[in-house]
Every structure is written in C-alpha cells, then in structure tokens.
**Student:** 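Please see the structure below; I have some questions.
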Amino acid sequence: MKTRYSHRWDLSPRDAIALQTRLASRVRLKNAVRYRDIRTIAGADVAYSKETDYCFAVVVVLKFPELSVIEEATHVCEGPYPYVPGLLTFREAPPLIQAFARIRTIPDVMVFDGQGIAHPRRMGLATHLGILFDCPSIGCAKSRLWGHYAEPGKLAGSWVALRDNRNRTIGCVLRTKRGCRPVFLSPGHNVTLPLARKIILRTVTHYRIPEVTRLAHLLANKLRRDYQR
DNA sequence: GCGACAG
DNA sequence: ATCTTGTCGC
C-alpha cells in the first residue's frame, strides 16, 4: 500500500509545525466506512534501539472482527527524527510508510499508537497518516498529549469526552479494562468518534491495549531482538 | 520563569 | 520510547 500524497519529512520543527497547520484543513471527520463493512484492520508501531539509533517499524493487518493475522510487514532504518512532543509523526511516519509499502491488503481502517485530532494542531500521527494514505484511521494513545477530561468510570467500557481549549470534543478517554489506566482515543481521518470507539472496543480482548496495536508493538520488539541484540 | 509534553 | 529481574499482589 502506498500513500496517495507525500511530502518531505526532514523538516525543521518550525517547518514541520507549519506543515501540520496547512494539512489540518484536509481532515475529514465523517465516516467513510460503515461498521458492518469492515473486513480488515491494520495496526502499526515502531520500536527503537537506544544505542544503535535504529528503528523497527511493523504493520500488521488483521481480519475483522475475528482478529486473526492476515499480513505482517516490517521496515528497519537508521537515524529517526528526534522525539519532539507534537511532532511524533515526523519520527514514526517515514519508517511506517515503508512498512505499509510491503502490505498488499488495503485495510478498511488503520489504528496507530498515538493521537488523531487530539493534538495541538489536530494533526496527530493517526490523522496525518490517514490523510496521506487516504484511509480511515484511529489514534489510540496510552497517555494524553492534548485536551482536558474528567476521570472515566471504573468499569470497562466507560468513557468521558476529551475536549480542547474551545470545549470542542476531540476524542475520549476510554477505560478498556477494569483496574487499568484508560486509553486516549481520537478520530484520525474519515471516521467519527462513535465509530472509532465501537471499532476499538471490538478490538480489545484480554488487555488494555487493542489487539491491532498490541500485536504490532510485540512484533516491533521481536524484530529488534531478532535483528541483532 | 514554570509546568506540560503521544512515543 | 529505552535500560531491565525479580517480585508484590490478585
């Protein structure tokens, strides 16, 4: 699978921010897919090596809602963009795009370990890649980057809205498992928050993290191990 | 100046 | 995110 649009990634933080602001106008927050038509879902993640400066990207495609693995693809590269809050996309998208290039199944939805529109410029990793691939996408982060919220209920499945400074809903804080910290869900591109929540809840099995990104995360760590170390 | 800050 | 084994608790 290849991106429909592309641009440079070696931008200075200042230019990267300007690009995010420009791209933000392209986000579409309506459903481009119906829940009952979802047959495949992709999860992506990147692992890093502290000493070698290498990064290991993984994309896994699962059958939905069965969650059986259909395809896996990886990409290893060196010298990723540094981590800068708000610019995670510039660090993870380049290797992920290469991994996606090795996937032959075009997924109905993509899920990323990071934010969607719950971002200072509404351009988190999931939104940015959703736009470049022109594919419905969801951001499922383990912690907050942007927005305010009240603690969600204690029971699995309970959630509260995540809102920005102007009190607009930009996502939700979802308790996927009782006794566990919640996850931060936000629409990436071409999906509404209700649909994103429905999809993610159907993708959570025995862990706090939905299977798609959890599997990608495990595979990325395995790739780093098997590589050399 | 101080606190916040996806992975 | 990364460096890391055992271990406290349900």
Side-chain angles (χ1 to χ4, degrees), chain A residues 9 13-14 16-17 19-20 23-24 27 43-60 74-97 99 110-131 137-149 154-156 162-165 170-174 176-189 193 196 200 206-210 212-229:
Chain A
W9 292 101
R14 179 179 173 171
I17 288 174
L19 173 61
Q20 291 182 324
L23 272 182
V27 184
D45 193 29
V46 183
Y48 301 86
S49 170
K50 184 186 181 184
E51 49 184 52
T52 65
D53 199 38
Y54 268 70
C55 60
F56 308 81
V58 168
V59 170
V60 55
T74 67
H75 180 73
V76 178
C77 60
E78 191 176 16
Y81 194 87
Y83 171 68
V84 178
L87 302 181
L88 178 65
T89 303
F90 291 80
R91 179 172 171 78
E92 307 212 327
L96 285 179
I97 287 172
M110 295 176 166
V111 182
F112 296 94
D113 192 344
Q115 315 295 341
I117 63 169
H119 177 278
R121 291 167 291 282
R122 299 172 74 90
M123 279 297 292
L125 176 64
T127 301
H128 199 135
L129 286 182
I131 289 173
S137 63
I138 298 170
C140 183
K142 297 182 292 299
S143 62
R144 185 205 77 99
L145 168 67
W146 195 248
H148 56 82
Y149 62 97
K154 196 173 182 178
L155 299 178
L162 178 62
R163 296 193 166 83
D164 67 12
N165 301 324
I170 55 177
C172 72
V173 184
L174 172 68
T176 54
K177 286 291 167 183
R178 179 172 186 169
C180 291
R181 293 156 51 209
V183 295
F184 296 73
L185 267 192
S186 56
H189 181 59
L193 179 58
I200 292 301
H206 303 312
Y207 305 88
R208 175 172 83 113
I209 306 302
V212 251
T213 46
R214 198 181 77 84
L215 254 180
H217 188 263
L218 291 175
L219 291 171
N221 284 322
K222 172 176 169 52
L223 176 63
R224 179 179 53 200
R225 275 187 273 114
D226 298 354
Y227 199 73
Q228 252 172 321
R229 254 201 75 189

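Naming convention: chains lettered A, B, ... in sequence-line order (proteins, then strands); numbering from 1 in each chain. Everything numeric here is computed off the predicted structure, so don't read it as measured data.
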**Student:** May I ask you to evaluate whether A:His217 reaches the phosphate of C:dA1, defined as a side-chain N or O under 4.0 Å from OP1 or OP2?
**Tutor:**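 Indeed, a polar side-chain atom of A:His217 lies that close.
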
**Student:** Can you check the A:Leu125 CG to C:dA1 P distance for me, whole Å?
**Tutor:**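 Atom CG in A:Leu125 sits about 13 Å away from atom P in C:dA1.
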
**Student:** To the nearest 0.5 Å, tell me how far A:Leu218 CG sits from A:Thr213 OG1.
**Tutor:**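 One gets 10.0 Å once the value is rounded to the nearest 0.5 Å.
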
**Student:** Looking at A:Lys142, does any N or O in its side chain come under 4.0 Å of the phosphate oxygens OP1/OP2 on B:dG7?
**Tutor:**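 True: A:Lys142 side-chain N/O within range (under 4.0 Å) of B:dG7 OP1/OP2.
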
**Student:** Check whether any side-chain N or O of A:Arg91 sits under 4.0 Å from OP1 or OP2 of B:dA6, and answer yes or no.
**Tutor:**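 Checking A:Arg91 against B:dA6: no side-chain N or O falls below 4.0 Å of OP1 or OP2.
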
**Student:** Quick check on side chain to side chain contact (heavy atoms under 4.5 Å, CB included): which of A:His128, A:Met123, A:Arg122 does A:Val27 satisfy it with?
**Tutor:**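 The passing option is A:Met123.
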
**Student:** Measure OH/A:Tyr149 against P/B:dA6 and give the value in whole Å, please.
**Tutor:**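 Going from A:Tyr149 (OH) to B:dA6 (P), I get 12 Å.
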
**Student:** May I ask you to decide if the ring planes of A:Tyr227 and A:Tyr54 are parallel, tilted or perpendicular, using 30° and 60° as cut-offs?
**Tutor:**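 If you compare the ring of A:Tyr227 with that of A:Tyr54, the planes turn out tilted.
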
**Student:** Is there a donor-acceptor pair closer than 3.5 Å between any side-chain N or O of A:His189 and the backbone N or O of A:Ala126?
**Tutor:**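 Absent.
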
**Student:** Treating A:Gln115 as the side-chain partner and A:Ser143 as the backbone partner, does any N or O pair qualify as donor plus acceptor under 3.5 Å?
**Tutor:**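 Looks like yes, one N/O pair under 3.5 Å.
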
**Student:** Take the protein atom CZ of A:Arg181 and the nucleotide atom C1' of B:dG7, then report the distance between them rounded to whole Å.
**Tutor:**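 After rounding, the reported distance stands at 13 Å.
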
**Student:** Can you measure A:Arg225 atom CZ to C:dC3 atom C1' for me and round it to whole angstrom units?
**Tutor:**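 Atom-to-atom, A:Arg225 to C:dC3, this comes out as 15 Å.
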
**Student:** Could you state the atom-to-atom distance from NZ of A:Lys50 to P of B:dG7 in whole Å?
**Tutor:**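 About 19 Å, once rounded to whole Å.
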
**Student:** Would you classify A:Asn221 as touching base, sugar-phosphate or nothing, given that sugar-phosphate means primed atoms plus P, OP1 and OP2, and contacts are heavy atoms under 4.0 Å?
**Tutor:**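 Since only primed, P, OP1 and OP2 atoms lie under 4.0 Å of A:Asn221, the category is sugar-phosphate.
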
**Student:** Any side-chain N or O of A:Ser49 less than 4.0 Å from the OP1 or OP2 oxygen of C:dT2?
**Tutor:**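 No.
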
**Student:** Between C:dC10 atom C1' and A:Arg178 atom CZ, what is the distance in whole Å?
**Tutor:**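 The distance from CZ of A:Arg178 to C1' of C:dC10 comes to 13 Å, rounded to the nearest Å.
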
**Student:** Under the 5.5 Å and 30° test, is A:Tyr83 stacked on the base of B:dG7?
**Tutor:**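 Stacked: ring centres under 5.5 Å, planes under 30°.
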
**Student:** NA contact type, A:Ala47, heavy-atom cut-off 4.0 Å: base, sugar-phosphate, or nothing?
**Tutor:**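 A:Ala47: backbone/sugar contact only, no base atoms under 4.0 Å.
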
**Student:** In whole angstroms, how far is the C1' atom of C:dA1 from the CD atom of A:Glu92?
**Tutor:**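 Value for this atom pair: 8 Å.
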
**Student:** Between P on B:dA6 and CE on A:Met123, what's the gap in Å once rounded to a whole number?
**Tutor:**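 In whole Å, B:dA6 P and A:Met123 CE are 18 Å from each other.
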
**Student:** Scan A:Gly179 against the nucleic acid and name what it touches under 4.0 Å (heavy atoms): base, sugar-phosphate only, or nothing.
**Tutor:**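 Counting heavy atoms under 4.0 Å across all strands, no contact is made by A:Gly179.
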
**Student:** Look at the side chain of A:Ala141 and decide which nucleotide, out of B:dG7, B:dC5, C:dT2, has an atom nearest to it.
**Tutor:**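 Nearest nucleotide to the side chain: B:dG7.
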
